[in-house]
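Just so we're on the same page: letters track the sequence lines, and every chain starts at 1.
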Amino acid sequence: MALDNQFNPQKDEKEIYQKWLELGVFSASVDSPKKPYTIVLPPPNVTGVLHMGHALTGTLEDILIRRKRMQGFNALWLPGTDHAGIATQMVVERQLQKEQQINRHALGREKFLEKVWEWKDKSQGTIISQLKTLGCSLDWDRLAFTLDEKVSVAVRECFVRLYQEGLVFRDEAIIQWCPRCRTALSDLEVKFKEIKGRFWHLKYYLEGSTEEFLTVATTRPETLLGDVAIAVHPDDKRYQRLIGKKVVLPLMNRSIPIIGDSYVDPAFGTGVLKITPGHDVNDYVVGKRHQLSVITIFDDEARVNDQGGQYRGLSREKARDQIVEDLKNSGLWIKEEEHVHNVGHCDRCATAVEPKVSAQWFVKAEVLAQDAIEAVKTKKIRILPEEWENVYFDWMNNIRPWCVSRQLWWGHRIPVWYCVDCTEVTVAVKTPEVCSSCQSKRIRQEEDVLDTWFSSGLWPFSTLGWPEDTPDLRKFYPNDVLETGFDILFFWVARMIMLGIKMTGKIPFHTVYLHPMVRDEHGQKMSKTKGNVVDPLEIIDRMGADSLRFFLAWNAFHGRDLRVSDEGVEGCRNFVTKLWNVTKFVLLHFSSVTSSKRDENSLINQWIFTRLNATKKKVGECLDHYRFFEAAQAVYHFVWNDYCDWFVEFIKSKDELEKRKNAKDSTAVDVLEEVLRLLHPMMPFVTEKLWHELPFRSSQARSISLASFPEWLKEHEYPEAERQLQRVIELVEKVRTLRGTHQIPGSKEIPITIWAQPRVIGELKIHEEKLGRLTRASKVTFVDQRMTQAEVIELVLKDCSIFVEKEYLGDLTQEIEKRKKELIDKRSALERAESKLQNEKFMSGAPEAVKAGVRKQADDLRAEVLAIERYLKEIGS
RNA sequence: GGGUGCUUAGCUCAGUUGGUUAGAGCGCUGCCUUCACACGGCAGAGGUCAUAGGUUCGAGUCCUAUAGCACCCACCA
């Protein structure tokens, strides 16, 4: 059956994926005696669509999993989706606002959650089908969701255990608050942005004086409503004498103390700092130190509350304008300056956060961090690329309590019940009926839900049935590799390590591989507002999943950026086409060869198997070390250069093809078949398609993904064949270069003469036909005497020379120039080599292999230099 | 303010413990529509490895300093 002109991904990919599903290729089994190998997919947002980052994750993990599966492992790649608390809730809130112009509070918790579930049910299929489009071999029967009952039980169990050990606690503290989301945030969820603001200088008069005042410089004049003191440095000569006195708070006419605290930097601003413990994290700390009270002046949406007197009800921004105006009017304003400073913003909605004192639940991360640090220090967990280990240690060593409560509705409700009748707090996995202390039925559950990352942190085992001791858990936990982007090292990876060790007593995985960030072709972060988002599905639609996957693997350097460009993917698409075309060639000539049988004495066969063997070794090593780019390059190079450019060209003559067909030599098919298996993890679709077209294959399996992965074979090493064919290749290249330099068209055949030692001539004569054909020679003559330089020019190789008669070359000026340049290069290389050999310290210090190499190099160079010198002399230049 | 990484061909990047004449893809130039492939073939040009010192028989690779870039953490009002 003849193949189409090129692979048609739109037509074939869906069908192929369907077949994999039918064959159950992706299913891992708890009963299998095979060694398990487990990866959990970083769960994408349930309402999301596939972006390039997902495509990268999907590709790299699929490569790892498919290879292990082919190697005979019981490979489990566990899919799942994340409820993504704030993100999802925000999407639904926006939709609600747009459609009904109401917020969630107008709808009520229960009704609102119904809406979110509706949205989730509607959109959850999207990302799943998109992962399938990419070819991901996920075990769909185990599809999990972070709000599944199974996972929720694990979340509650974890919370209860931490509570019982005192590792989760409730406390009143200053936290980061998003007034738009109306929830507390963890430190990680606050992103600081440079904002061009103003620096207002204000007068705070000393109590009882209309003359003497202190100048306070602030970026947030509106917070003066909550000032409880002003602070100066205790050693500051300017203000020292005023410590302990009082000032009158502008506009509010409250009297507040002047305190001395070394936190104040005398050199910054005026050296006088207003203290607002209710709305500034540092002020809160200073306030605590001086037992100052806390005044909260904003409500949950950052509008001025009852504490703000006449400003009550104003937004932060309006209050600021009004207060500045009032200060100006009452003569308390001195000046204002431009001031650039960093302001924290909500990671999700980009609203400026408002520090706020409130009761929240915290995890004692600093305790959990100890074992997590140890696990990486002792290399029980490796983080790759290794430079991330330091980043990990740095963060872990400075970790602070993790605020896990969120005033959201979409998420795991915290399993805590407060008794109305006594002060008891009941914390339980199963919803209690009564207070655990006074047995009162009047208990109410904590309103807050948990940070999304709390449930994600349990993902490697909650998906396998923990805390039950399930067969899945026993088989597939710990996982093997955790592959994800470095941007969620703290958010997710660190928490999995902490919670994994704490809950199960085992490390959750032995390797963390952090892939680069996907960027556009100019290295810019992709964003909707910039309009530079490259849609993986659109690329797949145009060029096929294999092209995109191969491109991503090829570009998964150990660096920090991965730039996606159309041209790059096109290059990979071209490679898919090349593979397709060479398969067409093989089918055209070798369809009648239906079993593996080959001439073991053929040097070409030996040579291509040796090359293939080197490639298999390289690919295997690279994949073992997550060097996807090198693996992709190695196989690309083998297919395109070794197999297509040389092997196929070597055997392309009528005679050679006939000979091989008659002998039923299967080398061409065998090598291609192995290449397809080697490539399958990276390009699953086209390799599956082509594999079935071959006249025979190594395995009876109904899918290439069930066949074995090619491994290096000792018996396929033929160094002698490699050496000989390497010489043939160099010889052909020399002549071709000469033809190129002299612009001899391919249609013009010219005779060549080859001189060498008899032994070498013997080796070359075997390849006479190939030499002639590939150099487009009219005749190949072998001689054991050098030719006279006056009539010919000599192309020098290490152990042979090629002579071409001048009459075929026309003007030699260019050629001579080239030789002169070559001579300079070779001479200097020779000098370097010789001086090394004369250097005693080199001869005593360098390893034997290096010395031998240099010696051989010097010999070769010397011969070449002499030959070129002789050539130039004889030609009269 | 603290930290990490980067600087190699026109562009994007490899280069594993120092060791033989520094590589790839794309782009560029010339030739070729030869019966797998123009999404192709053949050939070619192009690099004082950011700069200055140092260690070494030997440095793109190790050390120091400088310059520039990127990112992370902190968040001085």
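Checked against side chain to side chain contact (heavy atoms under 4.5 Å, CB included), A:Val281 has the following partners two or more places apart in sequence or in another chain: A:Ile174, A:Gln176, A:Pro355. Legend: residues meeting ring-ring contact (aromatic ring centres under 6.0 Å, His included) with A:Phe638, ordered by chain and number and at least two apart, are absent. Scanning for side chain to side chain contact (heavy atoms under 4.5 Å, CB included) contacts around A:Arg519 gives A:Met517, A:Lys525, A:Asp561, with sequence neighbours left out. In terms of the ring-ring contact (aromatic ring centres under 6.0 Å, His included) criterion, A:Phe590 has no residue partners (sequence neighbours excluded). In this view, A:Phe491 and A:Trp453 satisfy the ring-ring contact (aromatic ring centres under 6.0 Å, His included) rule, not counting sequence neighbours.
For A:Tyr392 and A:Trp388, the ring centers are positioned 6.0 Å apart or more. Less than 6.0 angstrom separates the ring centroid of A:His201 from the ring centroid of A:Phe199.
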Identify all side-chain donor-acceptor contacts of residues 770-777 of chain A below 3.5 Å with residues at least two apart in sequence or on another chain.
unit_1	atom_1	unit_2	atom_2	d
A:Lys770	NZ	A:His767	ND1	3.4
A:Arg773	NE	A:Glu769	OE2	2.7
A:Arg773	NH1	A:Glu649	O	2.7
A:Arg773	NH2	A:Glu649	O	3.3
A:Arg773	NH2	A:Phe650	O	2.7
A:Arg773	NH2	A:Glu769	OE1	3.3
A:Thr775	OG1	A:Leu771	O	2.6
A:Thr775	OG1	A:Gly772	O	3.4
A:Arg776	NE	A:Gly746	O	2.4
A:Arg776	NH2	A:Gly746	O	3.3

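Of the N and O atoms on the side chains of A:Ser828 and A:Glu831, not one donor lies less than 3.5 Å from an acceptor on the other residue.
With A:Phe575 as reference, A:Phe550 is the one residue of A:Trp580, A:Phe550, A:Phe551 to meet the ring-ring contact (aromatic ring centres under 6.0 Å, His included) rule. A side chain to side chain contact (heavy atoms under 4.5 Å, CB included) with A:Val228 holds for exactly one of A:Asp283, A:Ile259, A:Thr276, A:Ile295; it is A:Ile295.
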For nucleotides 8-12 of chain B, print each protein N/O atom paired with a nucleotide N/O atom at under 3.5 Å, atom names and distance only.
unit_1	atom_1	unit_2	atom_2	d
B:U12	O3'	A:Arg563	NE	3.4

Polar-atom pairs under 3.5 Å, protein N or O versus N or O of nucleotides 30-35 of chain B: list them with distances, or write none.
unit_1	atom_1	unit_2	atom_2	d
B:G30	O2'	A:Gln743	NE2	3.4

Any N/O pairs under 3.5 Å between the protein and nucleotides 4-6 of chain B? List them or say none.
unit_1	atom_1	unit_2	atom_2	d
B:U4	O2'	A:Arg560	NH2	3.3

Which atoms of nucleotides 37-42 of chain B (N or O only) lie under 3.5 Å from a protein N or O atom, and what are those distances?
unit_1	atom_1	unit_2	atom_2	d
B:C37	O4'	A:Asn581	OD1	3.4
B:C37	O4'	A:Asn581	ND2	3.4
B:C37	O2'	A:Asn581	ND2	3.2
B:C37	O2	A:Lys578	NZ	2.9
B:C37	N3	A:Lys578	NZ	3.1
B:C39	O4'	A:Asn574	OD1	3.0
B:C39	O2	A:Arg573	NE	3.1
B:C39	O2	A:Asn574	OD1	3.3
B:C39	O2	A:Thr577	OG1	2.6
B:C39	N3	A:Gln6	OE1	3.2
B:C39	N3	A:Gln6	NE2	3.1
B:C39	N4	A:Gln6	OE1	2.4
B:C39	N4	A:Gln6	NE2	2.6
B:G40	OP1	A:Asn574	ND2	3.2
B:G40	O3'	A:Lys578	NZ	3.1
B:G41	OP1	A:Lys578	NZ	3.0
B:G41	OP1	A:Trp640	NE1	2.4

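Nucleic acid contact class of A:Ile275 (heavy atoms, under 4.0 Å, all strands): none. Residue contacts for A:His341: at a heavy-atom cut-off of 4.0 Å it reaches the sugar-phosphate backbone alone, with no base atom in range. Nucleic acid contact for A:Arg400: sugar-phosphate only, since backbone atoms but no base atoms lie under 4.0 Å from a heavy atom of the residue. Among the atoms of the strands shown, none is found under 4.0 Å from any heavy atom of A:Phe486. Backbone-only engagement by A:Trp554 is indicated by non-hydrogen atom pairs under 4.0 Å involving sugar-phosphate atoms exclusively.
Summarising the geometry, the separation between CG on A:Leu185 and P on B:C75 is reported as 14 Å, rounded to the nearest angstrom. To the nearest angstrom, P of B:A22 lies 7 Å from CZ of A:Arg832. Rounding to whole angstrom units, NZ of residue A:Lys618 and P of B:A24 are separated by 14 Å. As rounded to whole Å, 15 Å separates atom P of B:U20 from atom NZ of A:Lys851. Taking atom NZ of residue A:Lys525 and atom P of nucleotide B:C69, one finds them 19 Å apart after rounding to whole Å. The interatomic distance linking A:Phe268 (CZ) with B:C75 (C1') rounds to 11 Å, in whole Å. Across the protein-nucleic acid pair, A:Lys856 atom NZ and B:U21 atom P stand 14 Å apart, rounded to whole Å. At whole-Å resolution of the value, CD in A:Gln838 and P in B:U20 are 20 Å apart.
Toward the 5′ end of RNA chain B lies the nearest nucleotide of A:Arg627, the other residue of the pair A:Tyr263 and A:Arg627 mapping further downstream.
Residue A:Lys661 places its NZ atom among more than 12 non-hydrogen atoms of other residues, nucleotides or ligands, all under 6.0 Å distant. Heavy atoms of other residues, nucleotides or ligands lying less than 6.0 angstrom from NZ of A:Lys841 number 12 at most. With a 6.0 Å radius and a threshold of 12 heavy atoms from other residues, nucleotides or ligands, A:Lys617 has its NZ atom at or below the threshold. Other residues, nucleotides and ligands place more than 12 heavy atoms under 6.0 Å from the CD atom of A:Glu567. In the displayed structure, A:Lys191 atom NZ is contacted under 6.0 Å by more than 12 heavy atoms of other residues, nucleotides or ligands.
Of the candidate nucleotides B:U20, B:A77, B:A74, B:U20 has the atom lying nearest to any side-chain atom of A:Gln857. Nearest to the side chain of A:Tyr636, among B:C57, B:A77, B:C26, sits B:C26.
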> Which dot-bracket string fits RNA chain B when only Watson-Crick or G-U wobble pairs with both atom distances under 3.5 Å count, crossing pairs get [ ], and | stands for a partner on a different strand?
Replying inline: (((((((..((((.....[...)))).(((((.......))))).....(((((..]....))))))))))))....
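The base of B:C57 is not paired with the side chain of A:Asn839 by any donor and acceptor separated by under 3.5 Å.
Interatomic distance, A:Arg563 CZ to A:Gln524 CD, rounded to the nearest 0.5 Å: 8.5 Å. Between A:Lys689 atom NZ and A:Leu3 atom CG the span is 7.0 Å, to the nearest 0.5 Å.
Between the side chain of A:His345 and the backbone N or O of A:Val343 there is at least one donor-acceptor pair closer than 3.5 Å.
At a non-hydrogen distance threshold of 4.0 Å, nothing from residues 539-552 of chain A comes into contact with RNA chain B.
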